[in-house]
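Okay, structure first, notes after.
Values below: all heavy atoms of this structure, side chains included; hydrogens, waters and symmetry mates excluded.
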Amino acid sequence: MIKLTHVSKSFDGGQSYAVKDLSFQVRKGEMLVLLGSSGCGKTTTLKMINRLIEPTQGTVEVDGKDVMGRNPVELRRQIGYVFQGIGLFPHMTVEQNVEIVPRLLGWSSRSKRERMQELLSLVELPPESFAKRFPDELSGGQQQRIGVARALAADPDYLLMDEPFGALDALTREALQQELLTLKKQLKKTIVFVTHDLHEALLLGDRIAILHEGHLEQIGTKKDILNAPATQFVRDLFTTREPGTFTLRDT
Amino acid sequence: MRLDALFGYIVERLPELWLRTGEHLMLTGCSTLAAMSIGIPVGILLSRTTWLRGPIMGVIGILQTIPSLAMLVFLLALLNKIGVLPALIALTLYALLPIARNTLTGLEEVSAEVMEAAEGIGMKEYQQLMMVRIPLAAPVIVAGIRTAAVVGVGIATLSAFIGAGGLGQFINRGLALANTKLILLGAVPAALLALVVDFSIGAFEWGLRPERKRDKKGSAQSFMRPLAFMLPVALILIGSVTYFTKPGWIFKSETRFETSHRIIRLATKNFTEQLILGEMMAQLIEAKTDFKVQRRFNLGGTMICHGALVNKEIDLYAEYTGTGLTVILKHPVIADPEKALDYVTKVYHERFNLQWLKPFGFNNSYAITVRAADAEKFRWNTISDLQASAQGLRAGFTAEFAERPDGYPGLRQTYNLQFGEVRDFDPSLMYEAIAKGEVDVICAFATDGRIASYHLKPLKDDRQFFPPYYAAPVIREDILKKYPKIGDVLELLGGIIDDATMQQLNFEVDAKKRQTAEVVTEFLNAKEILYIEN
Ligand SMILES: Nc1ncnc2c1ncn2[C@@H]1O[C@H](COP(=O)(O)OP(=O)(O)OP(=O)(O)O)[C@@H](O)[C@H]1O
Ligand SMILES: [Mg+2]
């Protein structure tokens, strides 16, 4: 379980806040989607969970323990992170990229290897033809999948995904979204998924947290949000577009 | 020169060329390695401590702007040592900037996104550095090393000035003897070496790059990779092997030193006359004692020779009274040759524990010189003889002579001379000008070989205006005390070379391009000094 309590973050000593008084919980095994427009503080929130950024006020707990009281290196090795910019290591092969966290954790080379092959198959990139390639020899979508595989490598309980399907065309994105849904059923991970795409949020999220200018507008299931928008901002989010397009699939 | 003659010339010097190339590789290789072991850590340190960056890069940058020769001379003074050590330090300091700067730039340029991923997946700080930052910066760092090494090959040619060997030795000797072939013998291999070093480090960098899938396994490229990787290593190995296995046959004129022999270390400055005098003293000592002479010829100049002598890096060299007086002792000119010699002898003894031996006999000072034919025609023997006709004469002087108080301005006063026209010349063109009749009077050096070859006549300085420049061996007193025989032998050379003889010897080497050693042996044989019993 991940729990944020009155978390705020200011990068400029309190003049402005990237995240303001944010409180929510991510339940075990659920996929929570953080939804909001560019610059509203989604990435900042995610990074505070694995201590890449430290909160100015409030507490972040993972498994009931304040992250500020934990060794950041160990914490991060237990949390898979798919970065917004993918961030594959360009000097390492696909294989080495996927094996990096197990390597840091000191796994045997045999278990590293098995795990790598398992994961490449899982993200549907056959190891025989992809293991030895370098990131710049992959398409954008393939790179994103390797990013996911790397995050999953050490079999972490938690997965933080920052717009993992951001820069993709609609077709590829849809395919990957479906893959993620299947994965989620297989893996039973607790996932925080960041997106600014309403459609993606509704498709993937068990619950959705809507952020606006650093604070939480509403958190709840699709139904809660669609049926009972808590604020004017949330209401506008749906009425400015064709409501039908979002509700068709789920209701 | 005909091609086979040129070929023979090179083949004859092949052993020494091999040795000098080895020395050159050692100088460049060791200094580059030293600069790497300092520069890379410094670059890493600076990438992590921003406030240190300005001051440290500033200091390294300033080091780079010091002219190479100035740096060598400065280190010489600082370390009180000639030879390999100051050369290595100078080369290392020059190599520092490209290596440290490229390390810093390379590390800085690694994308923030990748570094965030490294941190975010749980790498410790040193793991981020070792596993991500340094590997990604490696090509830029290696490029810095490449620049440093190639520039180093060039600068290393200057190390010969302070007796550190290398290909610069040929260039140096060539410059001293005005021998283009010798200069090329050093310069061409040095340029080739720079290309080889550049290529091998380039290949190393290529070998460092990860093998792509599209470079198919088993292809030529994949086969070449480890080879490319090994190239710089091989180069350093070759350098060390050559350097450390100096076989005896490499030294033709330079003697190999066995520990059973006692050694006298003899230096010269870097011009023909000095080389002749040095070789003469060396041959005599070797012929008449059981000492071996280590010839540390062609050192960069007066201060370097004197410094080496005072610091016991060498045992003797030939100095000129006027130079000792004005340059070393900073004393005003003493016109009387005897008094000048007495003065330097006394003060050298008191101040440096050095002994001036008996001068060779010639006086290499400035000499007002005319064409021999004119001298005969107008009965000119002394400078005073020119007074009457000076207004009608055209003079050609070096720019330095025209301005120095002990040059033309002083001369004019002392002799009440006023030439009709005075033109400035480059020293070598000055001799051409008088030979071709473009001027009538020049300021030559009294022992210059061209006085003989161009049929010129130096006029007697009858009012003793020019300071005396008598050459004599200057030797450490402790050596003299321990081995008085050395002093006895060198005294044999006292007074046996007059101005004309020295002119002739310089002429043989400078103009006829004969080997110094051969000319000297011939002279010593003719004087029958080698057979005098003492
Ligand atoms: N390291 C930082 N220093 C200063 N300001 C920052 C920093 N990181 C983020 N911010 C600011 O905090 C705010 C929230 O940024 P954040 O990256 O969390 O947005 P986001 O919701 O992830 O946006 P996007 O959808 O564009 O990725 C922005 O105004 C941003 O400019
Ligand atoms: Mg973001």
>> Tell me every residue that passes side chain to side chain contact (heavy atoms under 4.5 Å, CB included) with B:Asp198, counting only those two or more places apart in sequence or in another chain.
In response: B:Arg146, B:Val150
> Got a salt bridge between B:Arg53 and B:Glu108, using NZ or NE/NH1/NH2 to carboxylate O under 4.0 Å?
Replying inline: yes
> Using a heavy-atom distance cut-off of less than 4.5 Å, which residues of residues 110-137 of chain B contact chain A?
Replying inline: B:Glu113, B:Val114, B:Glu116, B:Ala117, B:Ala118, B:Glu119, B:Gly120, B:Ile121, B:Gly122, B:Met123, B:Lys124, B:Gln127, B:Met131, B:Val132, B:Pro135, B:Leu136
>> So does A:Phe24 get a backbone contact from the side chain of A:Lys3, meaning a donor-acceptor N/O pair under 3.5 Å?
In response: no
> Between A:Gly147, A:Gly87, A:Pro72, A:Gly85, which shows the greatest number of heavy-atom pairs under 4.5 Å with chain B?
Replying inline: A:Gly85
> Side chain, backbone, both or neither: which part of A:Ile100 has an atom under 4.5 Å from a heavy atom of chain B?
Replying inline: side chain
>> Under a 4.0 Å threshold between the charged nitrogen and the carboxylate oxygen, would A:Arg115 count as salt-bridged to A:Glu99?
In response: no
> Does a side-chain N-to-carboxylate-O contact under 4.0 Å join A:Lys20 and A:Glu213?
Replying inline: no
>> Suppose a student defines contact as a heavy atom less than 4.5 Å from any heavy atom of chain A. Which residues in residues 89-101 of chain B would they list?
In response: none
>> Students often mix this up, so state it plainly: with edges at 30° and 60°, are the rings of A:Phe83 and A:Tyr81 parallel, tilted or perpendicular?
In response: parallel
> So what's closer than 4.5 Å to chain B heavy atoms on A:Arg150: side chain, backbone, both or neither?
Replying inline: side chain
>> Can you tell whether the side chains of A:Arg77 and A:Glu74 come within less than 4.0 Å, N to carboxylate O?
In response: no
>> Looking only at the side chains, is there a donor atom on one of A:Asp66 and A:Thr59 sitting less than 3.5 Å from an acceptor on the other?
In response: no
>> Checking side-chain polar atoms at under 3.5 Å, does A:Thr195 have a donor or acceptor matched by the opposite partner on A:Glu163?
In response: no
> Without hydrogens or angle criteria, can the side chains of A:Asp63 and A:Tyr158 be said to hold a donor-acceptor pair below 3.5 Å?
Replying inline: yes
> Among all residues two or more places apart in sequence or in another chain, which pass the ring pair (Phe, Tyr, Trp, His ring centres under 6.0 Å) test with B:Phe204?
Replying inline: B:Phe229
